[in-house]
S.K.: 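I have a structure here, written as structure tokens, and I will follow up with some questions on it.
Numbers for residues simply follow the sequence, beginning at 1.
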Amino acid sequence: NVSNNQFKDNLIMEVMSPGDGELTPVYFGVGMIVTNSSGTVQGNTLLNQPVEPANPYVMTSGIQALDCAEITISDNSLTGHMLAVNAEATAECPDATAHINSNTVEDCSFVGVSTSGGKVEVVDNTAFSCGYAPYLLHRSTVLSMPTNQGSGTYWNGRLLIDCTLLVQTITNDNPGLPLLIYGTCHVPNPLAIEPGTTLKFLPTMESSNPMLSGESVEAGMLDIGGAIIAPGASPEERITFTSVRDDSVGGDSNPGEGEV
């Protein structure tokens, strides 16, 4: 268990990476790494200051959990990272589970809360002023994802990529930060959707999309193993399925694309 500590200024490692025929400085830094463990990371404060020179390619994580059998990351405060809270599970540890709850993220240059693989619960976090997206869940099995707040300057929503949703109900908990579906997201059971909920779908992207490191992802689709149940929906409180480029409902979810 790692609790109630303060971390200031990530240890930064400089490496040289080829770019345009020249070596380019790339900066890596992680505040805290937890690997192959179980336990809690709770109540910590991580503040990362910009490194010099002023505009390098900086890759910093605040809290990173890798292949953790059962990890709880909660009530932490993180400022100034690239990936603030990042939980990953490799193919060797598919049942790794991360509970990411009630964390506060500010001024994140890429993604506030990100996951890759494994089982995840993402509940009641705030992630504001994130350069790419406040939430990005990639190929994870999502156990729960309600009441998260935040904002992103490229994708302004909770971005799900090729995930499995083990949820019975999609709630209308934050109309201004809708779920953004990218690739095929599976729901293996009938799905109830609350009135007023908006789900937005991304188109197929160019393989150079920075989020995917050259990987191509198909347009968003929900594959539901049963009926869509819409209790209480009405013409006044519709359930809307639309494009991420539709600003008429759920706000501007693609500010990074400009006027598309």
Side-chain angles (χ1 to χ4, degrees), residues 19-20 57 59 82-84 86-91 94 108-120 122 127 130-143 145 148 150-167 170 172 174-191 193 197-228 230 238-260:
D20 298 327
Y57 183 50
M59 300 177 66
M82 180 181 178
L83 292 173
N86 182 35
E88 297 186 31
T90 64
C108 176
S109 63
F110 192 54
V111 177
V113 175
S114 67
T115 70
S116 179
K119 300 175 182 178
V120 299
V122 181
C130 297
Y132 195 74
Y135 302 93
L136 193 162
L137 279 56
H138 182 213
R139 294 181 178 169
S140 295
T141 298
V142 181
L143 307 177
M145 199 182 175
N148 295 288
S151 63
T153 57
Y154 200 97
W155 301 116
N156 189 40
R158 292 166 283 180
L159 186 57
L160 304 176
I161 307 173
D162 290 331
C163 288
T164 297
L165 307 182
L166 292 186
V167 298
I170 292 179
N172 188 29
N174 189 351
L177 198 70
L179 295 183
L180 309 180
I181 308 298
Y182 193 17
T184 300
C185 289
H186 299 276
V187 183
N189 46 260
L191 180 65
I193 304 177
T197 300
T198 297
L199 298 171
K200 294 190 175 185
F201 297 80
L202 276 69
T204 301
M205 294 291 179
E206 297 289 338
S207 60
S208 60
N209 188 299
M211 174 185 59
L212 304 172
S213 300
E215 179 184 352
S216 180
V217 176
E218 296 299 318
M221 182 176 73
L222 268 181
D223 177 18
I224 301 173
I228 295 177
R238 298 177 182 272
I239 295 168
T240 304
F241 299 85
T242 189
S243 167
V244 71
R245 293 167 176 169
D246 180 1
D247 297 346
S248 66
V249 287
D252 184 0
S253 302
N254 65 324
E257 289 192 307
E259 296 298 324
V260 178

S.K.: Using side-chain contact (heavy atoms from CB on, under 4.5 Å) as the criterion, list what pairs up with Ile228, not counting sequence neighbours.
M.R.: Ile193, Ile224, Phe241
S.K.: Once you round to the nearest 0.5 Å, how far does CG of Leu222 lie from CG of Leu179?
M.R.: 8.5 Å
S.K.: Check step by step if side-chain contact (heavy atoms from CB on, under 4.5 Å) holds for Leu177 and Asn156.
M.R.: CA-CA 6 Å; Leu177 198 70; Asn156 189 40; 3.7 Å; yes
S.K.: Is there any salt bridge (charged side-chain N to carboxylate O under 4.0 Å, His left out) pair reaching into residues 243-256, and which pairs are they, with sequence neighbours excluded?
M.R.: Arg245-Glu257
S.K.: Please identify each residue that fulfils side-chain contact (heavy atoms from CB on, under 4.5 Å) with Ala133, with sequence neighbours left out.
M.R.: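 Listed in chain order: Trp155.
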S.K.: Using the side-chain contact (heavy atoms from CB on, under 4.5 Å) criterion, which residues pair with Ser253? Sequence neighbours excluded.
M.R.: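 Pro178, Leu180, Lys200, Val244.
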S.K.: Got a donor-acceptor contact below 3.5 angstrom from the Asn148 side chain to the Val122 backbone?
M.R.: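 Here the side-chain-to-backbone pair exists.
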S.K.: Work out which heavy atom in Leu137 is nearest to a heavy atom in Met145; give both atom names and the distance.
M.R.: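 That would be CD2-SD, 3.9 Å.
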S.K.: Which distance, rounded to the nearest 0.5 Å, do you find between the CD1 of Ile161 and the CD of Glu218?
M.R.: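 The CD atom of Glu218 is 13.0 Å from CD1 of Ile161, to the nearest 0.5 Å.
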S.K.: Run the side-chain hydrogen bond (donor to acceptor under 3.5 Å, both in side chains) test against Ser140 and tell me which residues pass, sequence neighbours left out.
M.R.: Thr115
S.K.: Would you compute the distance between atom CG of Leu191 and atom CG of Leu199 and round it to the nearest 0.5 angstrom?
M.R.: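 Leu191 atom CG to Leu199 atom CG measures 8.0 Å (nearest 0.5 Å).
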S.K.: Would you please name every residue forming a side-chain contact (heavy atoms from CB on, under 4.5 Å) with Ser116, sequence neighbours left out?
M.R.: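 Glu88, His138.
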S.K.: Where is the tightest heavy-atom contact between Ser114 and Leu83, given as atom of each residue plus distance?
M.R.: OG-CD2, 3.7 Å
S.K.: Looking at every non-hydrogen atom in both residues, tell me the closest pair between Pro203 and Tyr182 and how far apart they are.
M.R.: O-CE1, 3.4 Å
S.K.: Could you tell me the separation between the CG atom of Asn254 and the OG1 atom of Thr153, rounded to the nearest 0.5 Å?
M.R.: 12.0 Å
S.K.: Mind listing the closest non-hydrogen atom pair of Pro134 and Ala127 along with its distance?
M.R.: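 In terms of heavy atoms, the two residues are closest at CB-O, 3.4 Å.
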S.K.: Check whether any side-chain heavy atom of Leu166 sits under 4.5 Å from a side-chain heavy atom of Lys119, and report yes or no.
M.R.: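 Heavy-atom side-chain distance check fails, nothing below 4.5 Å.
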S.K.: Please report the closest heavy-atom contact between Val111 and Cys108, naming both atoms and the distance.
M.R.: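 Of all heavy-atom pairs spanning Val111 and Cys108, the closest is O-SG, 2.9 Å.
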S.K.: Rounded to the nearest 0.5 Å, what's the gap from OH on Tyr135 to SG on Cys130? Could you check?
M.R.: 7.5 Å
S.K.: Picking from Asn86, Leu159, Leu160, what satisfies side chain to side chain contact (heavy atoms under 4.5 Å, CB included) with Leu136?
M.R.: Leu159
S.K.: By the definition side chain to side chain donor-acceptor pair (under 3.5 Å), identify the one residue from Asp162, Asp223, Thr141 that meets it with His186.
M.R.: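 Among Asp162, Asp223, Thr141, the one meeting side chain to side chain donor-acceptor pair (under 3.5 Å) with His186 is Asp223.
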S.K.: Within this structure, what is the CZ-OG1 distance for the pair Arg238 and Thr197, rounded to the nearest 0.5 Å?
M.R.: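 Here the interatomic distance stands at 14.0 Å.
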